[in-house]
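The figures here come from the full heavy-atom set of this structure, side chains too, leaving out hydrogens, waters and symmetry mates. Per chain, numbering begins at 1; letters A, B, ... match sequence-line order.
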Amino acid sequence: MGDSNRESATGGLDFIRQWVEHDNETGRFAGRVQTRFPPEPNGYLHIGHAKAINLDFSIAREYGGRCSLRFDDTNPDREDVEYVDAIKDDIRWLGFDWGEHEYFASDYFETLYEFAEQLIKKGLAYVDELSADEIREYRGTPTEPGRNSPYRDRSSEENLDLFRRMRAGELSEGRCVLRAKIDMAHPNINMRDPTMYRIRFAHHHRTGDTWCIYPTYDWAHGQSDSIEGVTHSLCTVEFENHRPLYDWFLDALEVHHPQQIEFAPLNLTYTVMSKRKLRELVEGGYVSGWDDPRMPTLRGLRRRGYTPSAIREFLRRVGVSKTESTIDLSMLEYCLREELNRSANRVMVVLDPLKVVIENYPEGEVEEMEAVNNPEDESAGTRRVPFSRELYIERGDFMEDPPKKFFRLAPGREVRLKHAYYITCREVVRDDTGEIVELRCTYDPESRGGGTPDGRKVKGTLHWVSAAHVLNAPVRVYDNMFTAIDPTDVDEESGERWIDNFNVNSLVIYESAMCEPSLASAEPGDRFQFLRHGYFCVDSLDSTAGAPAFNRTVALKDTWAKLQKKEQG
RNA sequence: UGGGACGUUGGCAAGCGGUUAAGCCACCGGGUUUUGAUCCCGGCAUUCGCAGGUUCGAAUCCUGCCGUCCCAGCCA
């Protein structure tokens with residue numbers, strides 16, 4: 001992959017790399033750089049996670065360090081191996097490798113427990129028997145200080161005994177928790193005696209039933225980084241408020257102290273990024289699953305046809321800062337087109353067909369026209385595309401009464417059929433209802449290959465497919481998942497729901513698109529440019545041998561559509 | 001009314017006391033083109049949330065306002 005990510009495409013070194021370099025220069029961690037990506041295995045990764053993954057792994061690589069993968073599996077109620085497998089698969093797909101450095105916070109449960117006893121012995125943690133509701137009441141508010149729990153000043157001996165009984169399973173769920181003893185009047189609410197352990201008689205996907213007390217994330221996270229020897233703990237800005245707490249734990253324990261650095265999470269226009277909302281889309285049946293091609297999940301993007309390299313390039317261009325931001329989806333789409341333009345073979349597919357009969361072309365004759373596979377890549381070679389008397393063109397490529405700027409087919413007008421001949425529309429055939437069902441055209445035999453001896457110009461070039469040689473295939477055309485640039489920007493007080501911004505037209509299916517026959521050999525995962533339409537991939541789930549199903553990855557830029565839209569409104 | 005963070009063009013984002021205030025996307029022209037694609041060329045902040053101050057000189061330093069985001073899980 002090289003070091004293409006080293007410099008943010010936006011300029012010099014981003015603030016995190018500047019920080020790392022400064023630490024290296026001052027010898028803070030003896031020049032060592034170690035990072036980690038710490039997901040909770042309770043859902044699927046999305047492109048926002050990709051930003052963190054890219055940062056963690058790239059920085060480690062750039063500075064000769066390493067990056068590990070650690071699952072923060074501290075909540076058995078919602079975690080599952082299904083997710084750890086999916087997360088690993090997605091990270092590998094994105095192009096990163098953690099080698100043998102695969103860890104779990106649950107691997108540290110025993111160490112964490114010992115750490116907790118140390119704090120109890122130091123008088124820095126206590127067992128609280130207040131109920132969850134009472135703890136909330138005692139916590140105060142942002143503007144009012146909290147109050148000390150009546151159990152706050154127990155002796156270390158009593159706390160130790162109680163804590164050991166918690167672990168032994170002698171106390172019921174909710175009976176009590178272990179809390180850090182910090183400051184109930186602290187202006188930072190995270191410092192008001194945060195919970196370290198809760199009792200939960202739950203089966204953990206890795207530790208099974210060996211534990212009935214589980215550490216909270218706030219207690220486990222920083223120590224896990226410390227145990228692993230992480231030097232730079234990168235996370236999103238929402239954890240900035242927690243850093244003082246993590247620092248407090250590390251100092252109290254007198255253990256290796258990583259530097260936490262926070263950056264702004266990634267947001268994209270026309271989509272949502274929270275796990276909760278994505279789950280709602282899946283469970284509410286709005287999409288077919290976590291891998292629905294409309295989802296911003298890595299699995300969704302993968303199935304949609306996005307490439308890992310395009311995503312990485314996107315992340316590089318977006319940069320890193322602490323500013324709250326929402327990136328234009330067009331930036332992501334640009335990166336994708338940029339890559340696919342270079343790599344995808346061109347092919348002709350008619351989505352919405354209109355029959356064309358070439359009256360002066362011999363019946364029964366078939367010519368094999370030579371077609372360039374990729375004008376951006378000569379090594380992609382050429383292929384043969386059958387041409388005959390009856391063809392299909394795109395219905396939208398004909399207008400009976402065209403406006404001035406329309407330069408496709410119209411009565412009496414001549415256009416070029418890509419790789420084939422010039423044709424002129426002579427007659428429009430309609431059915432009883434008045435719908436246009438066929439165009440009678442003539443062709444110029446001299447124009448074979450797409451040019452004429454007299455050097456005559458045509459304004460339009462259309463894609464087409466020979467009727468007798470068509471391969472029918474389902475084509476799914478995807479659009480933005482939401483109609484609103486920020487779907488979550490709703491007035492809930494007046495009953496508005498973010499999910500009502502779901503784009504009901506985000507999936508349009510052409511059950512039986514007319515494909516050129518070469519597509520019969522397309523394999524799952526193959527990507528093509530459907531000439532004048534966009535980039536498509538062969539769906540990995542719904543395709544069978546010889547019968548591909550296609551997903552539109554991204555449309556080509558369409559100046560004509562933009563023009564039309566402008567004139568309409 | 002508490003604490004933490006952030007405010008540079010439509011969206012990102014460089015800039016770190018002396019620059020005509022980079023670059024990318026978007027947008028708007030123009031050229032090339034057998035994809036209205038690609039490609040190429042040009043345009044796009046006399047101004048850095050606002051107001052003062054320091055300085056020969058401020059987007060960069062200081063002060064005060066204003067705006068936005070995060071925090072009151074036994075979630076992460």
Side-chain angles (χ1 to χ4, degrees), chain A residues 8-14 18 38-40 42-43 72 74-75 77-79 128 130-132 135-137 139-146 173-174 176-179 186-192 194-200 214 216-218 220-221 236-244 262 264 269 275 314 316-335 337-338 341-342 346 348 371-372 375-376 405-408 416-420 422 447 449-451 458-463 485 529-534 555-563:
Chain A
S8 54
T10 54
L13 251 32
D14 60 65
Q18 283 180 33
E40 183 192 14
N42 74 336
D72 274 333
T74 55
N75 186 350
D77 290 344
R78 18 190 255 176
E79 293 156 7
D128 195 358
L130 248 26
S131 69
I135 285 181
R136 189 180 325 116
E137 281 171 39
R139 185 154 31 226
T141 70
T143 52
E144 299 165 86
E173 281 190 14
C176 54
V177 294
L178 184 75
R179 290 229 254 169
H186 198 106
N188 181 343
I189 293 175
N190 293 307
M191 299 297 269
R192 320 245 260 229
T195 300
M196 296 165 63
Y197 277 94
R198 67 282 211 187
I199 300 170
R200 197 110 309 164
Y214 289 94
T216 58
Y217 172 87
D218 272 350
H221 185 76
T236 48
V237 290
E238 61 188 301
F239 292 105
E240 199 149 17
N241 292 331
H242 297 243
R243 178 155 36 90
E262 308 86 8
T269 54
K275 253 186 220 177
F314 165 72
R316 191 181 71 85
R317 288 184 189 232
V318 159
V320 196
S321 76
K322 295 190 72 165
T323 316
E324 188 198 1
S325 62
T326 302
I327 314 296
D328 263 327
L329 195 58
S330 60
M331 179 84 94
L332 215 207
E333 295 182 335
Y334 176 87
C335 294
R337 289 194 195 101
E338 184 187 46
N341 175 51
R342 281 186 264 109
R346 274 61 168 169
M348 294 195 287
V372 169
E376 307 288 327
K405 286 177 188 156
F406 184 86
F407 37 87
R408 275 111 95 147
R416 173 168 39 233
L417 293 182
K418 180 82 176 175
H419 308 306
Y422 284 9
S447 64
V458 288
K459 295 200 76 175
T461 299
L462 311 185
H463 61 279
I485 191 163
Q529 183 195 108
F530 287 6
L531 221 60
R532 303 207 301 135
H533 278 304
L556 245 28
K557 287 215 319 205
D558 190 345
T559 308
W560 168 240
K562 200 183 342 185
L563 240 172

- Message: Between A:Glu376 and A:Arg346, is there a side-chain heavy-atom distance shorter than 4.5 Å?
- Response: yes

- Message: Would you measure the distance from the P atom in B:C27 across to the matching atom in B:G3 and give it in whole Å?
- Response: 44 Å

- Query: Toward the 5' end of RNA chain B, which comes first, A:Lys322 or A:Arg337, by nearest nucleotide?
  - Reply: A:Lys322

- Query: Which whole-number value in Å describes the distance from A:Lys459 NZ to B:U32 P?
  - Reply: 12 Å

- Message: Between C1' on B:A76 and CG on A:Asn75, what's the gap in Å once rounded to a whole number?
- Response: 8 Å

- In whole Å, what separates the P atom of B:C6 from that of B:C61? 12 Å

- Message: One character per nucleotide, please: for nucleotides 64-71 of chain B, 5' to 3', B when the base has a protein heavy atom closer than 4.0 Å, S when only the sugar-phosphate does, - otherwise.
- Response: ----SSBS

- Task: Under 4.0 Å between any heavy atoms, over every strand shown, what does A:Leu417 touch: base, sugar-phosphate, or nothing? Just pick one.
- Result: nothing

- Message: Does A:Phe406 reach a base, just sugar-phosphate, or nothing at all? Heavy atoms under 4.0 Å.
- Response: base

- With a 3.5 angstrom cut-off on both distances, give the Watson-Crick or G-U wobble partner of B:G7, or none if there isn't one. B:C66

- Roughly how many Å is it from CE in A:Met348 to P in B:A37, rounded to a whole number? 19 Å

- Write down the partner of B:G2 under the Watson-Crick or G-U wobble criteria, each distance required to be under 3.5 Å. B:C71

- Message: When both hydrogen-bonding distances must be under 3.5 Å and the geometry is Watson-Crick or G-U wobble, what is B:U55 paired with, if anything?
- Response: none

- Task: Please check the phosphate of B:G23 (OP1 and OP2 only) for any side-chain N or O of A:Arg316 closer than 4.0 Å.
- Result: no

- Query: Base, sugar-phosphate, or nothing for A:Arg416, non-hydrogen atoms under 4.0 angstrom?
  - Reply: base

- Task: Tell me what A:Leu130 touches on the nucleic acid: a base, only sugar-phosphate, or nothing, going by heavy atoms under 4.0 Å.
- Result: base

- Gap in Å between the two P atoms, one belonging to B:C24 and one to B:C65, rounded: 40 Å

- Query: Is a side-chain donor or acceptor of A:Thr461 paired with a backbone partner of A:Lys418 at a separation under 3.5 angstrom?
  - Reply: no

- Query: Could you give the OH-to-C1' distance, from A:Tyr217 to B:C74, as a whole number of Å?
  - Reply: 17 Å

- Query: Considering every strand shown, what is the Watson-Crick or G-U wobble mate of B:A21 when both distances are under 3.5 Å?
  - Reply: none

- Can a side chain N or O of A:Arg179 be found less than 4.0 Å away from OP1 or OP2 on B:G73? no

- Message: Check this for me: does the side-chain of A:Gln529 come within 3.5 Å of the base of B:U35 through a donor and an acceptor?
- Response: yes

So which protein nitrogen or oxygen atoms get under 3.5 Å of nucleotides 39-42 of chain B's nitrogens or oxygens?
none

- Query: Just checking A:Gly174: base, sugar-phosphate only, or nothing, at a heavy-atom cut-off of under 4.0 Å?
  - Reply: base

- Query: Would you say B:A13 has OP1 or OP2 under 4.0 Å from some side-chain N or O of A:Ser321?
  - Reply: yes

- Base, sugar-phosphate, or nothing: which does A:His463 touch, judged by heavy atoms less than 4.0 Å apart? nothing

- Message: Taking the nucleotide of RNA chain B with the nearest heavy atom to each, does A:Thr559 or A:Thr74 sit closer to the 5' end?
- Response: A:Thr559

- Between A:Lys557 and B:U38, is there a side-chain N or O to OP1/OP2 distance below 4.0 Å? yes

- Task: Any chance you could measure A:Glu40, atom CD, to A:His221, atom NE2, to the nearest 0.5 Å?
- Result: 12.0 Å

- Whole-Å gap separating C1' (B:G10) and CG (A:Asp328): 8 Å

- Message: At less than 4.0 Å, is any side-chain N or O atom of A:Arg200 found next to OP1 or OP2 of B:C74? Yes or no.
- Response: no

- Message: Rounded to whole Å, please give me the gap between CZ in A:Arg136 and P in B:C74.
- Response: 8 Å

- Message: Under 4.0 Å from OP1 or OP2 of B:C75: is there any side-chain N or O of A:Thr216 that close?
- Response: no

- Message: Can you check the distance between B:U55 and B:U47, where both ends of the measurement are the P atom (answer in whole Å)?
- Response: 25 Å

- For B:G73, does either OP1 or OP2 sit under 4.0 Å from a side-chain N or O belonging to A:Arg139? yes

- Query: Can we call the ring centroids of A:His533 and A:His463 under 6.0 Å apart?
  - Reply: yes

- Query: At under 4.0 Å, does any side-chain N or O of A:Gln18 touch on OP1 or OP2 of B:A14?
  - Reply: no

- Query: In whole angstroms, how far is the C1' atom of B:C75 from the CG atom of A:Asp218?
  - Reply: 10 Å

- Query: Short question: side chain of A:Asp328, backbone of A:Ser330 - any donor-acceptor pair under 3.5 Å?
  - Reply: no

- Message: Let's see if you can work this out: which of B:A76, B:C25, B:G2 has an atom nearest to the side-chain heavy atoms of A:Glu40?
- Response: B:A76

- Looking for any heavy atom pair under 4.0 Å, which part of the strands does A:Thr269 touch: base, sugar-phosphate only, or nothing? nothing

- Query: Since syn is defined as within 90° of 0, does B:G49 count as syn or as anti?
  - Reply: anti

- Note on the structure: Regarding the side chain of A:Leu556, the nearest nucleotide among B:C25, B:C74, B:U35 is B:U35

- Note on the structure: Rounded to the nearest 0.5 Å, the CZ atom of A:Arg192 sits from the CZ atom of A:Arg179 at a distance of 11.0 Å

- Quick one: does A:Arg139's side chain have a donor or acceptor within less than 3.5 Å of a partner on A:Pro194's backbone? no

- Query: On a whole-Å scale, what distance lies between the C1' atoms belonging to B:U60 and B:C48?
  - Reply: 10 Å

- Message: Without decimals, in angstroms, what is the distance between A:Leu332 CG and B:C12 P?
- Response: 15 Å

- Item | Pairwise P distance, B:G23 and B:G42 [rounded to whole Å] | 11 Å

- Where the side chain of A:Asp72 is defined as all heavy atoms beyond and including C-beta, which of B:G2, B:A76, B:C24 is the nearest nucleotide? B:A76

- Please check if the side chain of A:Asn188 supplies one atom and the backbone of A:Asn241 the other of a donor-acceptor pair under 3.5 Å. yes

- Expressed as a whole number of Å, how far does the P atom of B:G4 sit from that of B:A21? 35 Å

- Message: Looking at A:Glu79 and A:Asn75, would you say the former's side chain and the latter's main chain have a donor-acceptor pair under 3.5 Å?
- Response: yes

- Which part of the nucleic acid, if any, lies within reach of A:Pro375 when heavy atoms closer than 4.0 Å are counted: base, sugar-phosphate only, or nothing? base

- Counting side-chain heavy atoms from C-beta on, which of B:C28, B:U35, B:C12 comes nearest to A:Lys562? B:C28

- Message: Work out how far the C1' atom of B:A58 is from that of B:G17, and round it to whole angstrom.
- Response: 7 Å

- Message: Counting only Watson-Crick pairs (N1-N3 plus N6-O4 or O6-N4) and G-U wobbles (N1-O2, O6-N3), all under 3.5 Å, who is the partner of B:U46?
- Response: none

- Under the ring-ring contact (aromatic ring centres under 6.0 Å, His included) test, residues paired with A:Tyr422 that sit two or more places apart: none

- Message: Considering every strand and a 4.0 Å limit on heavy-atom distances, what is the contact class for A:Tyr214: base, sugar-phosphate, or nothing?
- Response: nothing

- Quick one: pull up OH in A:Tyr334 and NZ in A:Lys557 and give me the separation to the nearest 0.5 Å. 8.0 Å

